[in-house]
Amino acid sequence: MMHRLLIMLFWVAGLCLAQDAQDLESRARTAVSEKRFSDALPLYRTLLADRPADVDFIVWIAKLSAWTGNYTGAGDFYSKALALDPKNVDAMLGKANVIMWQRSYRDAFALLTEASELAPSNPDVELAWSRYYHWQGDDTEAQLHLAKCLAFDGQNQEALQLKESLVPDHTIELRISYEADTLPGTTPGAIEEFGATYFNRKGNIGFDFFHLNRFGQAGSRGGLHFSRKLGGAFSMRAAALFGGGGDIIPRQDLSLGMSRTLVHGLVLGVDCRHIAFETLKVDAAIGDVDYYFEKPMWILASVAANRVEGATTPAFLLRFNSRVRENLTLQVGYGHGTEIFQLSLPTDLGAFRRDSYIGGVTLAFTKKTRAETTYTLARRSTGTLENMFLLALVHTL
């Protein structure tokens with residue numbers, strides 16, 4: 001009798017533990033579906049502690065680690081899953097995505113090749129291949145794999161989002177803008193711009209035309225800009241603008257630069273710029289550090305050394321951008337020093353410094369048309385305030 005009672009007690013206890021595990025797993029899956037990844041991660045860790053050889057739990061911990069920014073931990077858990085189940089396609093794809101973030105494309109290629117052999121009709125495999133080529137700058141090949149992914153699963157949200165990021169074979173972008181500024185003691189100034197740029201998968205080339213009216217003087221300048229990708233990590237750029245000269249219109253505005261992607265999302269760049277006014281020459285060396293998050297946010301930072309009339313002065317610019325909605329991007333920024341990052345005027349270069357506070361909004365009306373607005377309040381070291389407002393309309397043909 002006692003023996004039967006003990007068996008029944010163990011059976012009831014096991015049933016309760018199994019029910020608790022089911023409830024815990026249900027809570028974990030609910031947290032994932034609601035995108036509460038930080039809440040789901042400890043739940044899956046608890047589940048794994050009771051079943052340490054459960055590959056599904058290990059893969060979930062790896063995914064959640066990656067989604068919460070712990071890529072090293074994610075890679076370790078994917079490796080653990082593959083050690084227990086060498087043919088687990090989910091673990092292969094997850095590890096491939098993690099090491100692609102670390103730019104280990106050779107190792108990722110081996111994993112994706114094996115996953116393709118095991119699951120040739122898996123849309124997630126094709127999506128991973130598309131990322132593999134896209135992150136290396138080959139959007140032509142990325143588009144082919146993305147089309148296969150969507151043929152298998154036309155509602156795949158990750159694939160649809162990636163599709164928006166791929167550069168079309170050929171596009172032309174038209175831009176028209178108006179910038180106004182006010183500075184105490186002077187008449188309001190204005191800059192009118194028109195430009196067109198041709199884009200392809202390897203780079204772009206375009207022209208810009210500006211008409212400036214300030215301090216009772218008016219003039220125009222125009223020229224070309226150009227950029228080209230050199231492999232998957234490097235790109236170069238150049239621009240040349242020429243004007244009629246005078247006190248406010250430079251005869252020459254030349255720039256040359258290049259950038260390199262170090263790891264996924266981190267881009268370093270360097271530029272040199274020469275501006276020749278009628279009586280003033282400026283030479284600038286500019287360093288850029290840009291970081292693009294997995295979420296639609298990015299930070300752009302620039303540091304410059306400007307040589308004007310034999311004196312070298314520093315300048316700094318930081319801008320933060322966030323896409324808060326599919327068609328709405330907000331920007332805030334701060335700049336300090338003499339201004340050489342945009343359209344420079346002689347009044348922007350000299351012994352004074354200024355602090356610039358920047359706010360902007362980009363609103364997409366359609367997939368091809370957007371409006372950009374930027375407001376800058378500049379406080380000069382002389383105590384005067386300058387207000388600048390930019391409105392631009394951009395349309396893609």
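Atom set for the values below is all heavy atoms of this structure, side chains included, hydrogens, waters and symmetry mates excluded.
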Can you tell me how far the [atom1] atom of [X] sits from the [atom2] atom of [Y], to the nearest 0.5 Å?
{"X": "F109", "Y": "S116", "atom1": "CZ", "atom2": "OG", "answer": "9.0 Å"}
{"X": "S177", "Y": "F194", "atom1": "OG", "atom2": "CZ", "answer": "11.0 Å"}
{"X": "N122", "Y": "K148", "atom1": "CG", "atom2": "NZ", "answer": "13.5 Å"}
{"X": "N306", "Y": "T313", "atom1": "CG", "atom2": "OG1", "answer": "4.5 Å"}

Students should find that the hydrophobic cluster of L254, defined by side-chain heavy atoms under 4.5 Å apart, otherwise consists of F242
side-chain contact (heavy atoms from CB on, under 4.5 Å) test vs Y292 passes for just one of V267, I299, L266, N321, namely V267
From the list R307, R251, Q252, side-chain contact (heavy atoms from CB on, under 4.5 Å) partner of K281 resolves to R251
Hits for salt bridge (Lys or Arg N to Asp or Glu O under 4.0 Å) against D54, two or more places apart or cross-chain, chain-then-number order -> R51
Please answer: with hydrophobic residues joined when any side-chain heavy atoms are less than 4.5 Å apart, are [X] and [Y] in the same cluster?
{"X": "L241", "Y": "F209", "result": "no"}
{"X": "L118", "Y": "L84", "result": "yes"}
{"X": "F316", "Y": "Y291", "result": "yes"}
{"X": "L82", "Y": "I61", "result": "yes"}
{"X": "L391", "Y": "L330", "result": "no"}

Give every donor-acceptor pair under 3.5 Å between a side-chain atom in residues 86-100 and any protein atom, sequence neighbours left out.
residue: N88; atom: OD1; partner: D90; partner atom: N; Å: 3.1
residue: N88; atom: OD1; partner: A91; partner atom: N; Å: 2.9
residue: N88; atom: ND2; partner: D85; partner atom: OD2; Å: 3.4
residue: K95; atom: NZ; partner: S79; partner atom: OG; Å: 2.9
residue: N97; atom: ND2; partner: L93; partner atom: O; Å: 3.2

On a heavy-atom basis, the closest approach of D290 and A301 is OD1-N, 3.8 Å
Residues A128 and L112: closest non-hydrogen pair is CB-CD2, 3.6 Å
Flag side-chain contact, heavy atom, 4.5 Å: [X] against [Y]:
{"X": "Y375", "Y": "Y357", "value": "no"}
{"X": "E173", "Y": "V394", "value": "yes"}
{"X": "L174", "Y": "L397", "value": "yes"}
{"X": "V59", "Y": "F77", "value": "no"}
{"X": "S130", "Y": "K163", "value": "no"}
{"X": "R131", "Y": "E158", "value": "yes"}
{"X": "L256", "Y": "M236", "value": "yes"}
{"X": "L377", "Y": "N387", "value": "yes"}

* side-chain contact (heavy atoms from CB on, under 4.5 Å) between L300 and L317: does it pass, once the steps are laid out? -> CA-CA 8 Å; L300 310 175; L317 179 65; over 6 Å; no
Could you tell me whether [X] and [Y] make a salt bridge, using a distance below 4.0 angstrom between a side-chain N and a carboxylate O?
{"X": "R370", "Y": "E372", "answer": "yes"}
{"X": "K63", "Y": "D124", "answer": "no"}
{"X": "R221", "Y": "D208", "answer": "no"}

| Would L127 and C149 satisfy side-chain contact (heavy atoms from CB on, under 4.5 Å), going step by step from the backbone distance to the final call? | CA-CA 6 Å; L127 179 59; C149 172; 4.0 Å; yes
- request: Would you sort out whether E386 and T376 count as a side-chain contact (heavy atoms from CB on, under 4.5 Å), showing the intermediate values?
  value: CA-CA 8 Å; E386 183 176 6; T376 302; over 6 Å; no
Counting only N and O atoms by type, is there a donor-acceptor contact under 3.5 Å from the side chain of Q155 to the main-chain atoms of D153? no
**OP:** Any chance you could lay out the side-chain contact (heavy atoms from CB on, under 4.5 Å) test for L390 and I191, step after step, and finish with the verdict?
**Re:** CA-CA 9 Å; L390 170 69; I191 300 176; over 6 Å; no
*Ring geometry between Y334 and H336 (parallel below 30°, tilted from 30 to 60°, perpendicular above 60°)*: parallel
Under 6.0 Å between ring centres, would you say that holds for W60 and F57?
no
